[in-house]
Asks: 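If you scroll down you'll find the structure; I have some questions about it.
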Amino acid sequence: MKNSYVPTIGIEVHVELKTNTKIFSPSKNSYDECVNVNINEIDLAYPGVLPTVNSEVVEKALKASLALNCSINRKMHFDRKNYYYPDLPKGYQITQNKTPIGYDGYVLIDTNLGPKKIELERIHMEEDTCKSIHINGKTLLNYNRAGVPLIEIVTKPCISSGDEAVKYLEALRETLFYLGVSDCKIEEGSMRADVNVSVRKDSNLGTKCEVKNIGSISSVKTAIDYEITRQIKLLEENKKIEEETRKFDAKTSSTILMRKKEVGNDYRYFPEPDIPYLYITDELLENVKSQIKFLPNERRRIYKEKGISEINIEKLISNKSLSDYL
């Protein structure tokens with residue numbers, strides 16, 4: 001890699017929340033069972049049905065936002081994100097655009113230069129889409145996943161390397177797992193990361209490319225390192241980097257073009273008319289704050305004070321039930 005080039009990386013993480021039911025319907029929140037059994041009229045977007053907000057989703061999203069040092073929107077609404085895709089039965093996704101539940105947070109990581117804050121732009125709630133299954137030239141849809149509750153955690157473009165990205169994702173996964181808001185199994189899809197990568201030589205940000213379909217934390221580093229090298233090579237050859245969406249190919253440890261981004265997406269966001277505004281009351285805020293106890297870094301501090309070695313501290317942190325018992 002040429003030393004004169006500076007990489008800039010942002011990460012979007014979708015985290016499935018561990019709730020009993022879906023975000024806007026009473027269907028069971030489990031899509032690992034027989035296909036198309038945990039569904040009802042709301043999930044299938046039948047006409048005349050109305051979504052209702054699952055309060056457990058709001059509480060878990062609020063808990064994650066507080067633990068990740070976010071400011072909280074006390075008054076918020078859901079929005080419709082309009083686009084067509086076969087896995088989106090309504091023709092729009094219910095998400096939060098203008099009023100995310102959390103904003104301006106951070107995750108602290110250790111680097112060779114000391115502690116660094118990975119700044120979070122926003123955390124918002126939204127519904128998942130169907131799961132697409134491609135077989136013999138045909139696409140099948142599993143509606144069990146339609147309406148599964150998600151939080152999307154978006155960083156600012158402040159990550160400098162694949163190593164920093166890995167440390168951020170490991171810290172994020174650890175915190176969310178200890179909070180009990182998600183099982184955070186990346187390999188099973190309950191925590192999914194997309195990365196935006198650009199390189200530059202001066203203070204102006206370069207053209208970013210988004211990489212999707214990354215199935216593990218280690219693969220995030222591989223994808224970022226490959227994309228940095230690819231973009232520098234293009235610039236060294238005096239070629240233009242085009243804004244595009246790419247996917248990670250684990251077999252070749254490379255990124256592959258999915259589609260060009262010739263124009264900005266127009267999702268025609270507008271407030272969801274079927275869901276009233278949500279208000280985070282003082283009582284709810286204090287109740288959720290009181291549930292956040294002994295997160296990993298606090299446990300590390302306590303264990304260190306007790307004279308436990310660094311190696312054993314990490315072993316304890318990696319085994320939550322044993323750490324809880326201790």
Side-chain angles (χ1 to χ4, degrees), residues 10-27 29 42-43 45 49-83 88 90-107 117-129 146-158 172 175-176 179-182 264-293 295:
I11 300 181
E12 301 167 6
V13 178
H14 287 89
V15 180
E16 290 176 8
L17 298 181
K18 192 167 62 174
T19 59
N20 293 321
T21 56
K22 295 182 180 181
I23 185 169
F24 300 121
S25 87
S27 296
N29 178 13
I42 296 173
D43 307 320
V49 295
L50 295 174
T52 54
V53 179
N54 181 346
S55 61
E56 188 184 5
V57 173
V58 179
E59 289 181 13
K60 281 185 161 57
L62 179 58
K63 184 185 286 190
S65 298
L66 289 169
L68 298 174
N69 309 293
C70 288
S71 300
I72 304 300
N73 265 318
R74 301 292 292 271
K75 177 184 177 182
M76 56 190 167
H77 59 81
F78 284 95
D79 298 278
R80 288 190 182 182
K81 180 181 180 180
N82 297 273
Y83 66 95
L88 196 65
K90 295 191 293 290
Y92 60 85
Q93 179 191 35
I94 302 178
T95 182
Q96 289 184 304
N97 180 36
K98 296 294 186 183
T99 57
I101 188 168
Y103 60 95
D104 290 343
Y106 66 87
V107 173
K117 284 184 178 180
I118 303 300
E119 299 173 89
L120 304 181
E121 183 176 298
R122 58 189 285 137
I123 298 177
H124 63 263
M125 298 176 282
E126 63 185 20
E127 61 182 340
D128 208 343
T129 60
V148 165
L150 302 174
I151 52 174
E152 183 174 355
I153 304 170
V154 182
T155 73
K156 295 180 181 180
C158 61
L172 183 65
T175 300
L176 296 175
L179 286 172
V181 301
S182 174
N265 291 317
D266 180 13
Y267 292 118
R268 294 177 291 117
Y269 285 103
F270 62 86
E272 169 56 62
D274 294 332
I275 300 177
Y277 275 69
L278 298 181
Y279 296 87
I280 304 296
T281 63
D282 292 341
E283 181 182 9
L284 175 59
L285 193 63
E286 292 307 315
N287 179 47
V288 172
K289 280 182 180 178
S290 69
Q291 299 173 30
I292 303 173
K293 297 176 180 177
L295 292 177

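For the single chain, residues carry numbers from 1 onward in sequence order.
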Asks: Thinking salt bridges, do Glu59 and Lys63 make one under a 4.0 Å N-O criterion?
Replies: no

Asks: Below 4.5 Å, heavy atoms only, C-beta onward: do Leu176 and Leu172 meet side chain to side chain?
Replies: yes

Asks: When you measure from the side chain of Thr129 to the backbone N and O of Ala146, does any donor-acceptor pair fall under 3.5 Å?
Replies: no

Asks: Is there a donor-acceptor pair closer than 3.5 Å between any side-chain N or O of Asn29 and the backbone N or O of Val148?
Replies: no

Asks: Is there a donor-acceptor pair closer than 3.5 Å between any side-chain N or O of Gln96 and the backbone N or O of Glu126?
Replies: no

Asks: Nearest heavy-atom pair of Pro100 and Ile123: which atoms, and what distance?
Replies: CB-O, 3.4 Å

Asks: Measure from the side-chain N and O atoms of Ser25 to the backbone N and O of Ile42, and report whether any donor-acceptor pair falls under 3.5 Å.
Replies: no

Asks: Can you give the donor-acceptor pairs under 3.5 Å from side chains of residues 273-286 to other protein atoms, not counting sequence neighbours?
Replies:
| unit_1 | atom_1 | unit_2 | atom_2 | d |
| --- | --- | --- | --- | --- |
| Asp274 | OD2 | Arg80 | NH2 | 3.2 |
| Thr281 | OG1 | Leu284 | N | 3.1 |
| Asp282 | OD1 | Arg74 | NH2 | 2.3 |

Asks: Considering all heavy atoms of both residues, which atom of Ile153 and which atom of Val15 are nearest to each other, and what is their separation?
Replies: CD1-CG2, 4.2 Å

Asks: Would you say the side-chain atoms of Asp104 pair up with the backbone N or O of Cys70, donor to acceptor, closer than 3.5 Å?
Replies: no

Asks: Does any N or O in the side chain of Glu127 come within less than 3.5 Å of the main-chain N or O of Ile94, such that one atom is a donor and the other an acceptor?
Replies: yes

Asks: Using a strict threshold of under 4.0 Å (side-chain N to carboxylate O), is an ion pair present between Asp43 and Lys22?
Replies: yes

Asks: Rounded to the nearest 0.5 Å, what separation is found between the NZ atom of Lys117 and the NZ atom of Lys156?
Replies: 11.0 Å

Asks: If we ignore hydrogens and angles and just use 3.5 Å, is the side chain of Ser182 paired with the main-chain N or O of Lys18 as donor and acceptor?
Replies: no

Asks: Would you sort out whether Thr21 and Ser27 count as a side-chain contact (heavy atoms from CB on, under 4.5 Å), showing the intermediate values?
Replies: CA-CA 5 Å; Thr21 56; Ser27 296; over 6 Å; no

Asks: Using the side-chain contact (heavy atoms from CB on, under 4.5 Å) rule, take His124 and Thr95 through it: C-alpha gap first, then chi angles, then the decisive distance, then the call.
Replies: CA-CA 7 Å; His124 63 263; Thr95 182; 3.4 Å; yes

Asks: Evaluate Thr19 against Asn54 for side-chain contact (heavy atoms from CB on, under 4.5 Å), listing each step before the verdict.
Replies: CA-CA 9 Å; Thr19 59; Asn54 181 346; 4.3 Å; yes

Asks: With Lys81 as the cation and Tyr92 as the aromatic partner, state whether NZ or CZ is under 6.0 Å from the six-membered ring centre and within 45° of the axis.
Replies: no

Asks: Taking all non-hydrogen atoms of both residues into account, name the closest pair between Ala64 and Leu179 and its distance.
Replies: CA-CD1, 3.8 Å

Asks: What I'd like to find out is whether the side chain of Val107 reaches to under 4.5 Å of the side chain of Thr175, using heavy atoms alone.
Replies: no

Asks: So do the side chains of Leu88 and Tyr83 get within less than 4.5 Å of each other, counting heavy atoms only?
Replies: yes

Asks: Looking only at atom types and distance, does a side-chain atom of Asp79 sit under 3.5 Å from a main-chain N or O of Asn97, one as donor and one as acceptor?
Replies: yes

